[in-house]
Amino acid sequence: MPLNIVSLVSVGRHPQSGRARRAEQDSRAVELGLKLADTALTVLHVGNPDDPILRQYAGMGLPSLTVLKQEDSVDAVPVLQRFLEQKNIDIVLTGVRAESGESSGMVPYLLAHALGWPVVARVADIVAVKDGKAEVLLALPRGQRRAVSIQLPFIASMDHAAEAARQSAFAVGLRATVESVESVGEVDQIRVDWQESVAKIRPKRLKTVKAKTAAERFKAATAKPEGGTGKVMKNETPKEKARAIFDLLLEEKVIR
Amino acid sequence: MVIDWLPSVLITTLLVLAVVGGVRRANLWRAGQPEKVNIVAGLLALPRRYLQDLHHVVERDKYMSRSHVATAGGFVLSMILVILVHVFGVSSQLLAGALLVSLVLMFVGALFIAKRRLHPPSRLSKGPWMRLPKSLLMFSLTFFVLTLPMADILPEGTGSWLLTLVLSIGIVLSLSEMLFGMTWGGPMKHAFAGALHLAFHRRPERFGGGRSTGLKPAVLGGDVHGVAKPSDFKWNQLLGFDACVQCGKCEAMCPAFAAGQPLNPKKLIQDMVVGLAGGTDANYAGSPYPAGKGDAKVLGNAKGGIDNVITAGLIDADTLWSCTTCRACVEECPMMIEHVDAIVDMRRFLTMEKGKTPNKGAEILENIIATDNPNGYAPASRTHWAADQNLPLMKQKQTAEVLFWVSDGAFDMRSQRILRAFVALMKAANVDVAILGDEELDCGDVARRLGDDATFQQLATRNLATLGKYKFSKIVTTDPHAYHCLRNEYGDFDVDGVLSKGGSGQGVEVLHHTTFLNQLVQQGLLKLSAFKGGKVTYHDPCYLGRYNGEYEAPRALLESLGIEIAEMERSAFRSRCCGGGGGAPITDIPGERRIADMRMEDITQTGAELVAVGCQQCTAMLEGVVEPRPVVKDIAEILLGQLIEEVH
């Protein structure tokens, strides 16, 4: 049975020009989706079906895109949830966070919570899907990978380590059809009430270089950070594990 | 001859076969896309285009031009007279005499052509082309003997059965080459297709000393963007490919071929012929592509058909991406074939339909789309280079005599030195100048050469809209690529007449900074001291020279400094590309050498210590050559060094 894969895409924002573009991580979600399902991939967007940026995603080789037509002020998560529930979906691919809007990075989590699915964050690759299980490579710092196996269906967010998006071909994007689907949505009042202002550049902490030789600098740049105070808890009960996290948060003054 | 009727029957049969072949061949061309051509005017202009424009190109090789005049002139004359004398049987001693004279002329020409084939240079195709001079000689000899009785030099009915047999074989063999081969794909095809190509040329502006170098706009929104299959070319482009004589002058000039990259313009055109006629390249008898993946060099593997995708089996995409669009091949081609048009047409398919622009191509195009400059810099930082230049913005001034088109050199620190030098010179001459500042966008040159005509057209339209807001009579730029786009390519999108009419209604003059500076020097607005450095040579940028015909102004400027230019062997219209055009540094197809290194060798050979350049791309490419090498400077920088500043 072919896999039923959905890639969620948003309208990105170029960091230099501030202009709309296909988002870096979302286009990686489309790239991975194309690798797994080829043109059977569903690419889903909530927003304006006439947005020209959608053509940039379609130019990657999609015959069509599905758009859940909504105003900008609407919360995308419930709209997506209702749509995804109706379909028999195996994997939902998203970016880690959007380049515009709230950019909270919460969509995969809220969606997973609503659907009752697991989330795998920062995926580098999905190696294989077999017998209702997917072998997934998670991206860790310094080029490290962690192999995990997850039961379908699940939501995966794409790390920058995932395969970069292929070139978008103008004519392919031009020819793609956009299927606009009517949907019910509620206004995200909290979002609407927000005020946006230009971010202040935070002062940078001065970095004192202790390394004296090139070899030391190389080591400092590549070595695994050695966490002195961490501890690995494997056999304790969930309650004990939660307690440890809670204590740490208190100690670090995250919770007061 | 013993059998009187035999020659006329043989000649008539081969003539009929030639006509049949001609119709078949024409049908192959008609498989191309429609293109409006004035058929009658083209045919009427044919003799002048052939005898004047084409002859000018051939004349660069005196030996060949004289041999060809004798051979081709003799042949055309002989053929007409042969039909009159031997087919229609006009018995006139005068005609027969004239026929004998023209056959002698042809024979002498053919002897010289045969002599060149004794030790042919590598650029020439061998195979059937080695046979051609023999066929020419055989034609002239056979008909000479055949005509002797008619001219009353020999009595009628001379000869035996043996002579009749020999002459008949001569007629069949030579006319098979000259008539049958002309329309059925033999070497003589170049005469038939070449003549029609001249008549129905896609750029008729090139004849009569004109210039037409701007690319034709791609039609957006159709079934296919660019050229996927041979049938996607315009019909007269297909005809143009068929006109090739395989002289290899393009191959000898091509920088990519010399660098060992997988491109040979001659082979490319022959592959196009394989595409339009079907079959394989097994019969190709010239130099192959120098490099290429796998067995690309082995002939016979490339298969083509009128409806087969070209890059799927006929040619490798790398061949198309090796081209620097320097137009050296087009400039050199005696048949006036448009190689660069064809290459960009096929690139358009690869980029806009396939999304397969190699190496950094995709990234650069994406940057241009999102930030209006190829390297993805913040658009708001475009004018940072001019922070200390006190240059007025058009937005504030609304009107100025000169609009300085800064180009993307604004983001590059080396190019900024050229920009500053030019500004200093303009200030010294009190030019009323303004810049667009952050309103300026990339001119679209790179996007267009990489095949993304959609992005180019968008940039052109947006730039024209900005230009339309202000009043100025001149646009001056230091970048020949922007110069070419503004001068030759924006016209297709200038619906409001921003450039053709301008704010004043007189039209806007687009100038390269060397042309403009030369005007200032001529008017005595710049006081310059004599240049005291060592030997200087000048490198002609392709987009200034071959694309726009400006060879004089840069040289005049250098001469005004008292410099005697040590010219390179390949200079002016034969200038060798620096390797920086056509997006070639972006697609970066590997070869055995670097084009810039080869150009620097040309420069070093003159013994120059300084090479003057008029282009920031060329500057970047030539400065990228490892030292020791001559110093590379833009002409504006050299002039600024010699500027006598007046103290007030």
Side-chain angles (χ1 to χ4, degrees), chain A residues 9-28 30-35 38-39 41 43 50-63 65 95 98-100 160 162-178 198-199 201, chain B residues 218-228 232 317 321 347-382 384 411 438 441-442 447-448 450-459 462 586-587:
Chain A
V9 297
S10 61
V11 175
R13 185 176 179 278
H14 194 277
Q16 297 297 334
S17 66
R19 202 177 297 166
R21 63 159 181 179
R22 67 176 169 155
E24 179 90 34
Q25 293 168 341
D26 293 355
S27 51
R28 281 169 205 258
V30 176
E31 181 66 42
L32 182 59
L34 283 169
K35 182 192 135 188
D38 205 12
T39 46
L41 171 75
V43 174
D50 298 326
D51 198 314
I53 299 305
L54 296 176
R55 303 277 165 194
Q56 290 188 13
Y57 286 108
M60 295 171 70
L62 309 170
L65 286 125
E99 293 173 359
S100 56
H160 280 293
E163 182 80 30
R166 66 190 66 179
Q167 187 177 356
S168 172
F170 169 80
V172 180
L174 198 67
R175 258 175 239 133
T177 50
V178 175
V198 180
I201 298 169
Chain B
V219 181
L220 305 179
D223 286 341
V224 69
H225 292 70
V227 166
D232 294 330
W321 296 113
R347 283 185 181 185
R348 284 174 179 169
F349 171 72
L350 290 173
T351 294
M352 290 196 284
E353 291 282 354
K354 288 275 161 201
K356 287 227 154 63
T357 321
N359 290 328
K360 287 279 170 190
E363 191 184 321
I364 296 280
L365 289 175
E366 204 151 344
N367 282 336
I368 294 176
I369 291 167
T371 64
D372 303 320
N373 69 77
N375 291 307
Y377 293 110
S381 67
R382 188 177 274 277
H384 284 185
F411 295 106
D438 293 347
L441 313 173
D442 176 84
R448 183 162 238 202
L450 287 179
D452 191 350
D453 221 44
T455 302
F456 169 78
Q457 294 186 14
Q458 214 208 27
L459 286 168
R462 286 167 62 207
I586 297 160
T587 52

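So that the names make sense, note that chain A is the first sequence line, chain B the second, and so on, each numbered from 1. Here the structure is a predicted model, which means the values were calculated and not measured.
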Heavy atoms of other groups near A:Arg13 CZ, more than 12 under 6.0 Å: no
Against chain A, work out which of B:Gly226, B:Pro379, B:Gly221 has the most heavy-atom pairs shorter than 4.5 Å and name it. B:Pro379
A:Arg21 meets the side-chain hydrogen bond (donor to acceptor under 3.5 Å, both in side chains) criterion, sequence neighbours left out, with A:Glu99
Given that the side chain runs from C-beta out, which part of B:Ala380 has a heavy atom under 4.5 Å from chain A: side chain, backbone, both or neither? neither
So what's closer than 4.5 Å to chain A heavy atoms on B:Ser381: side chain, backbone, both or neither? neither
Given the options B:Asp452, B:Thr455, B:Asp223, which has more heavy-atom pairs under 4.5 Å with chain A than any of the others? B:Asp223
Atom group of B:Glu366 that falls short of 4.5 Å from chain A, counting heavy atoms: side chain
Between B:Ile369, B:Leu350, B:Asp372, which shows the greatest number of heavy-atom pairs under 4.5 Å with chain A? B:Asp372
Closest heavy-atom pair and its distance - A:Gln16, B:Ala378: OE1-CB, 3.3 Å
Roughly how far apart are A:Arg175 CZ and B:Glu353 CD, rounded to 0.5 Å? 4.0 Å
A:Lys35 atom NZ: more than 12 heavy-atom contacts under 6.0 Å: yes
For A:Ser17 against B:Ala370, the heavy-atom pair lying closest together: OG-O, 2.6 Å
Taking side chain to side chain contact (heavy atoms under 4.5 Å, CB included) as the criterion, tell me which of B:Thr351, B:Leu220, B:Leu365, B:Asp453 meets it with A:Phe170. B:Leu220
Please report the closest heavy-atom contact between A:Arg19 and B:Thr371, naming both atoms and the distance. NH1-N, 4.2 Å
